[in-house]
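First the structure, in the form of structure tokens, and then the observations on it.
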Amino acid sequence: DIQMTQSPSSLSSSVGDRVTITCRASQNISNYLSWYQQRPGEAPKLLIFAAASLHSAVPSRFSGGGSGTDFTVTINSLQPEDVATYYCQQHYRNPLTFGGGTKVEIK
Amino acid sequence: EVQLVESGGGFVQPGGSLRLSCSASGFTLSTYAMTWVRQAPRRGLEWVATISSSGGATFYADSVKGRLTISRDIPKSTLYLQMTSLRAEDTAMYYCVKEFCTRTSCYGFDSWGQGAQVTVSS
């Protein structure tokens, strides 16, 4: 199975800060990497697909990057509505696997 | 507009059975692979099972293989998850999700239902 490791597991930053979350795959997954945002009490939402492509209606302050085994998602100017847990997920091979999540809070 | 609405969740004793349903609208089930993803209380996301767009292939997490069965009814536009021999560790919110595809490939899940809560306890 492909293991997905996210870091950090949680972070607290100020409004307007730039925030970066990292996801590492245990083997090469090309660009078959998606990022999801899950706000408290809600279902997850697709943010980024194919490692770097923004899904529709996702604010441009979000960006994704990486390929192979190392990936990132960056929030360029953290907003109060970005408080959520963020998950990466590989879609390269079954079993599909998720990272453990990164909880983002406002300082 | 794509909508996914789960139903059938509830409270069941260990060893019991339950069937989750997911009513899909805004697209045809036979066009996309469909998946169940679960989330245990205060835990992360776990892929459970997938049925291919053709319906000819199904895939399961090792933790549920032989106990949970994914299926679909195209005319009813409904996805199912038959759950048997349930264990306490199956307690979770179960989400029905639709595969996201571009013209060239498929990545992740772009539509999620609101979830169906399953609690397994004596």
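The structure displayed is predicted, hence computed values, not measured ones. Protein chains get the first letters and strands the later ones, always in sequence-line order, with residue 1 at the start of each.
- Contact count against chain A (heavy-atom pairs under 4.5 Å) is highest for G108(B) among A61(B), G44(B), G108(B).
- Under the 6.0 Å cut-off for aromatic ring centres, H91(A) and F100(B) do not qualify, their centroids lying 6.0 Å or more apart.
- Of the two parts of S105(B), only the side chain, counted from C-beta on, holds a non-hydrogen atom closer than 4.5 Å to a non-hydrogen atom of chain A.
- Contacts of Y87(A) with chain B are made by side-chain atoms alone, with heavy-atom separations under 4.5 Å and no backbone atom involved.
- A donor atom on one side chain and an acceptor atom on the other are found under 3.5 Å apart for T97(A) and Q90(A).
- Looking only at heavy-atom pairs under 4.5 Å with chain B, the residue among P44(A), S56(A), G99(A), A43(A) that has the most is P44(A).
- Taking the side chain as every heavy atom from C-beta outward, T22(A) and T72(A) approach each other to under 4.5 Å.
- With respect to chain A, the highest number of heavy-atom pairs below 4.5 Å among D62(B), T102(B), D110(B), L45(B) belongs to L45(B).
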Worked verdict on S63(B) versus R38(B) for side-chain contact (heavy atoms from CB on, under 4.5 Å): CA-CA 12 Å; S63(B) 58; R38(B) 70 184 180 184; 3.6 Å; yes
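- Under the 6.0 Å distance and 45° angle rule, K65(B) does not count as a cation-pi partner of Y60(B).
- Q38(A) touches chain B through its side chain: at least one heavy atom from C-beta onward sits under 4.5 Å away, while N, CA, C and O do not.
- With a 4.5 angstrom heavy-atom cutoff, F109(B) touches chain A via backbone and side-chain atoms both.
- Y36(A) touches chain B through its side chain: at least one heavy atom from C-beta onward sits under 4.5 Å away, while N, CA, C and O do not.
- Checked against a 6.0 Å centroid threshold, the rings of Y95(B) and W112(B) count as neighbours.
- For V97(B), no part lies under 4.5 angstrom from a heavy atom of chain A.
- No side-chain donor-acceptor contact under 3.5 Å links S30(A) to the backbone of G68(A).
- Comparing F49(A), Y92(A), W35(A) by how many heavy-atom pairs each has under 4.5 Å with chain B, the most go to F49(A).
- Judged purely by distance below 3.5 Å, without hydrogens or angles, the side chains of S52(B) and S54(B) pair a donor atom with an acceptor atom.
- Heavy atoms of E46(B) lying under 4.5 Å from chain A belong exclusively to its backbone.
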